[in-house]
Each structure stands twice: as structure tokens, then as C-alpha cells.
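Worksheet: the structure to be examined is printed underneath.
Just so it is clear: chains get the letters A, B, ... in the order the sequence lines come, proteins before strands, and each one is counted from 1. All values below come from the heavy atoms of this structure, side chains included, with hydrogens, waters and symmetry mates left out.
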Amino acid sequence: MKASNAKRRYLTQRVAISVLAVSLALVVIPVIGIIIYMIANGYSSLSWEFLTASPSQAGKAGGILPAILGTVYLMLGTILFALPIGVMAGIYLSEYTRANWLTRLINMAIVNLAGVPSIVFGLFGLAVFVLGLNLGMSLLAASLTLAAQALAMTITTSREAIMAVPKEYREGSLAIGVSRWQTIRHVVLPQAAPGILTGAILAMSRAAGETAPIIVVGAAFLVGGLPGSPFDRFMALPYHLYTVSAHIPGMPSEIKWGVALVLIAMVLLFNILAGIVRIKTRKR
Amino acid sequence: MTIGNLVTLKTDPANTRAAEDGHCLRLQQVNLYYGDFHAVKDVSLDIGARSITAIIGPSGCGKSSMLRLFNRMNDLIPSARVEGLVEFDGVDIYQSGIDVVELRKRVGMVFQKPNPFPMSIYDNVAFGPRRHGIRNKRILDEIVEKSLIQAAIWDEVKDKLGQSGLSISGGQQQRLCIARVLAVEPEVILMDEPCSALDPIATLKIEDLMRILSTNYTIVIVTHNMQQAARVSDMTAFLMVGEDRAGMLVEYAHTNEIFTNPKNKKTEDYITGRFG
């Protein structure tokens with residue numbers, strides 16, 4: 001009786017582990033598959049010219065430099081607005097609010113903000129930044145729009161990182177007559193910085209991939225020359241990819257995959273960067 | 001909240017060491033609540049300047065809560081409420097207009113778990129003075145050295161001031177935390193079970209240090225360890241939980257008295273190890 005029980009337990013365990021392993025494989029294999037497929041199909045289009053020239057013949061020839069630069073500017077613009085506001089809101093939420101219904105409501109609103117479809121942010125940006133503030137269809141309007149979308153993430157990660165700083169550090173500082181703000185500024189923030197930074201980098205890489213909202217607020221398929229001012233219209237990799245894939249007849253497929261490859265490489269690069277930041281700081 | 005209001009907390013060191021009758025800290029019929037929970041009930045006691053006062057009692061009897069009355073550390077808990085009079089240097093420190101930051105500068109605190117900041121030993125000690133506006137490198141150097149010497153740890157760390165405060169042993173970390181408090185030149189040092197995370201040798205070092213510091217500072221220490229209270233303190237306060245689970249002061253007297261001739265039966269039971 002006892003022996004058969006043990007046998008059954010052993011079998012159940014084997015089955016459970018197998019199911020888990022298969023699930024993992026189901027997740028990992030497609031990801032690797034996509035990347036391999038993309039490299040295999042897009043590799044031939046990658047060249048120095050592809051990365052450093054402007055497109056010609058409606059993107060069928062030339063390069064994608066304006067789109068790469070546009071995406072880089074968008075990422076920087078997004079973080080320029082989303083990080084400071086996100087950190088400040090995170091500080092306020094974690095350090096200065098009390099747990100009451102209003103705080104719960106605000107937290108719920110932030111969580112829901114993350115769930116708003118990106119095209120809705122596009123419409124919001126069109127109404128508020130392009131038309132309302134009269135910024136026009138521009139890099140600036142698009143950065144602000146993507147920043148609004150990224151806020152949910154930067155606020156949440158900042159708040160979590162700040163709350164993860166042990167209370168002993170705060171107490172040690174407050175107990176020697178250091179003010180609350182100085183404690184936050186000199187003890188809490190340096191401790192929370194890696195977490196905040198990781199969140200910011202991930203928010204940036206997500207902004208890099210957004211397509212729908214930027215179409216509404218200023219992305220263009222072909223712009224003469226590189227973006228020169230924040231008020232210019234701009235090209236961006238995801239929108240370029242969408243257009244060459246869906247709207248240009250006779251587009252060589254290696255160009256589509258080449259654009260996708262460059263976009264994925266940029267996003268991956270940022271995710272790896274976030275990982276490095278996290279590992280480096282865990283060692284400390 | 002401004003410094004101007006602080007005139008009430010006298011700043012001339014000559015007058016500040018003690019009020020006229022020699023006491024430095026005073027509780028008068030103090031009650032402390034956390035929401036509905038009555039943590040400290042009706043406690044009155046006077047603590048003399050430049051002495052060591054031990055607060056002893058079983059777990060959960062409100063010792064730490066009582067200690068945290070003196071630097072208003074309970075303020076960090078939103079539901080905490082204090083009734084009665086808490087005086088430092090003859091001033092009611094719970095009256096409106098008291099600058100809590102200034103109060104905590106003068107009434108420093110050392111915690112149960114050594115909590116050096118994750119920065120260098122030097123920066124740990126210089127942290128308080130820097131926040132209080134001292135920028136001059138030479139003055140900071142002097143303060144850091146003086147504080148580390150006072151905390152009896154200078155010889156052990158003088159060659160590695162740039163190393164992380166977390167890289168030294170637990171006992172050293174606790175003395176570093178004491179140095180960090182001394183660096184802002186307080187008058188009172190509150191110690192919340194400062195040795196409970198330390199081995200016996202590190203504990204003895206801290207106790208020796210307390211004896212030396214008590215010639216210049218008023219020290220109040222919460223301890224679980226009765227032998228420690230007996231070894232180190234001048235006065236002992238024994239706290240216990242009443243029927244309503246609120247912490248009450250059972251007996252407060254000279255340490256000799258408490259340990260050799262306690263007036264209260266409960267005190268005797270506790271110190272002879274019959275409970276707790």
C-alpha cells in the first residue's frame with residue numbers, strides 16, 4: 001500500500017514536470033523561431049548603406065537612417081518627459097500619501113492607464129498636444145504622446161523601487177535629525193535608482209515599438225532629410241515597417257525583414273541594457 | 001515648523017543639559033495608542049541627565065514604543081496618538097510648532113539591527129553633518145574622526161574609511177551607527193536593543209562604550225537582557241503588560257534597588273526569571 005503510494009507520487013511528479021517543460025518549450029520555440037526566420041530573411045538587406053542612407057524609390061532602395069534616428073529621438077523624447085514625472089509621482093505616492101480610498105483610486109487609475117489601447121493615446125495626443133497645445137504633427141507631440149502612455153509604467157516601477165528600500169535606512173536617517181525630503185533625496189533615491197532605471201529603459205523600448213499612436217500625431221512614411229527640430233514631422237521604424245509591408249506594391253521581402261531586424265535589435269539592445277543594470281546593482 | 005518656533009527648545013548648550021531639577025526627559029501620565037490599541041498606559045517617569053536608564057520587560061510590553069516617544073519616532077506610524085506630557089529639557093515636545101527634525105538632532109537613536117547606509121564608512125558618519133549644512137572638507141574630516149574615536153571604532157576602521165559601511169562586522173556596524181549619531185552632537189542617545197543582534201564580545205564593547213558616553217550624554221536603552229541592564233544602567237524601569245494588554249510601568253528605581261530589593265512582587269518574579 002505504502003509502496004504503491006510512493007510510486008504514484010513519483011509518477012505524478014514526472015507528469016507535472018513534463019507538462020511544465022512542454023509549456024516552456026511552447027513559449028521559447030516560437031520566439032527563437034521568429035528571430036531565426038527574421039535573420040534568415042532580412043540578413044541580406046543589411047548593409048552599411050541600409051543603415052546610413054535615406055530611402056529612395058518609396059523605400060525599395062536606399063536605407064532607413066531617418067527612421068532609425070526618428071525612433072531614437074522618440075525614445076529619448078519619451079523618457080525625457082516620462083521619467084521625471086514618473087519618479088516624482090512615484091515618490092509622492094510611496095512617501096507622502098496615506099492608505100485611504102483616494103490613494104487606492106489613484107493607484108487603480110494608474111494600473112488601468114497601462115491597459116488603455118495605444119491608439120486611444122494617439123487620439124489623446126492628437127487632441128491635446130497636436131491641436132490643443134498647437135504643437136502640430138511633430139516629433140515633440142509624438143514624444144509627449146508616448147510619454148503619456150509610458151507614465152503608467154514609470155510611475156509603477158518608481159513606486160515599487162522606492163517602497164522596496166528597507167525602512168531601516170529611512171529610520172537611520174530620520175533619527176539623526178535629517179528631514180523627510182533629505183532622507184528621500186540622499187538615502188532612498190540612490191537605493192531605488194537601479195529599479196527606477198530598469199523600468200525607464202523598458203518603457204523606452206516599448207515606446208520604440210509603438211506604431212498606432214505615432215501615425216496620428218506626426219509619423220510620416222517619407223520625409224525629406226533627417227529630423228532637424230522637435231517640430232518636424234519624422235519617420236520611425238515601426239511605421240516604416242508597416243508601410244513597406246502593407247502599402248508599397250512590389251516591395252522586396254528582404255527589405256521588410258531588414259527593417260524588422262533593425263527594430264528588434266534596438267529593442268533587444270535596450271532590454272539587455274536593463275538586464276545589465278539590474279544585475280550590476282544586485283551585486284552591490 | 002520653522003526654526004524660529006524652536007526658541008522654546010533652548011539652543012544654548014549651557015542651559016540645555018538639564019532642567020532646573022536635573023531631569024532631562026520626563027513622561028507625565030503618558031498614553032500611547034496605535035489606532036484602537038493601547039500600547040503604553042499612564043506612564044510617568046523622570047530621566048536624569050548624563051545617566052543611563054534601562055527599560056526592561058517582557059516582549060510586547062511597550063518598551064520600544066515608550067522609547068520612541070522621546071524622539072517622536074512614533075510619528076511615522078499614521079495611527080499613533082499620544083496623550084499626556086512628554087518633556088525634553090523642560091519643553092513639551094508634542095506641542096504644536098515643535099520642529100521634529102531639530103528634536104531628533106538633539107535626541108538621536110540607535111536601532112536594534114545595525115543599519116549603516118550602503119555607502120562608505122566616512123560618508124555614513126558625515127551623513128548627518130552634511131545634511132545639516134557642513135560642506136567644509138576639513139571640518140567634516142574632524143567630525144568623522146572625533147565621532148569614530150568616541151564610538152571606540154576609530155582604530156579598527158581608520159585605514160578603510162572609504163570602504164562600504166556594510167563590509168565590517170555586525171558589532172563594528174553598530175558602533176559605526178553610534179558614531180553616525182554622535183556626529184550630529186546630540187544630547188540624548190536612545191538605544192533600542194542595540195546588542196540583540198550582536199555576539200557577547202561585541203555586546204561588551206558596546207556596553208563599555210555606553211559607560212564612557214554617559215559622562216557626556218543621557219542614554220536610554222531598551223533591553224531584553226536583564227544582566228545587561230544590571231551591568232550598565234544607573235536607573236531601571238520595569239514595564240509589563242496589564243490585563244488590558246497595555247504596557248504599564250511597574251517599577252522605576254535605581255538599578256541596584258530593582259535588582260537587589262524590588263518593591264513590587266512582579267518585578268521580583270521577572271528578574272528572578274519566574275516569567276518573561
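- When the shell of 6.0 Å around CZ of R72(B) is examined, it contains more than 12 heavy atoms from other residues, nucleotides or ligands.
- In plain terms, the two heavy atoms of L174(A) and R104(B) that are nearest each other are O-CD, 3.2 Å.
- Atom CD of E156(B) is surrounded by more than 12 heavy atoms from other residues, nucleotides or ligands within 6.0 Å.
- Atoms NE2 and CD, on H132(B) and Q182(A) in that order, are 6.5 Å from each other to the nearest 0.5 Å.
- In this structure, chain A has a heavy atom under 4.5 Å from the side chain of L166(B), while its backbone stays farther away.
- Comparing K113(B), R180(B), M109(B) by heavy-atom pairs within less than 4.5 Å of chain A, the highest count is held by R180(B).
- In this structure, no portion of V110(B) lies under 4.5 Å from any heavy atom of chain A.
- Closest approach of F117(B) and Y169(A) over heavy atoms only: CE2-O, 3.2 Å.
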E168(A) vs F111(B), side-chain contact (heavy atoms from CB on, under 4.5 Å): CA-CA, chis, key distance, verdict:
CA-CA 8 Å; E168(A) 285 79 16; F111(B) 297 86; over 6 Å; no

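- For S173(A), the parts lying under 4.5 angstrom from a heavy atom of chain B are both the backbone and the side chain.
- Taking CZ from R131(B) and CZ from R185(A), the interatomic distance works out to 7.5 Å, rounded to the nearest 0.5 Å.
- Rounded to the nearest 0.5 Å, atoms CD (E171(A)) and CZ (R68(B)) are 4.5 Å apart.
- Within the model, atoms CZ of R170(A) and CG of N115(B) stand 12.5 Å from one another, a figure rounded to the nearest 0.5 Å.
- With a 4.5 angstrom heavy-atom cutoff, V181(B) touches chain A via backbone and side-chain atoms both.
- Taking each heavy atom of F127(B) and V178(A) in turn, the nearest pair found is CE2-CG2, 3.9 Å.
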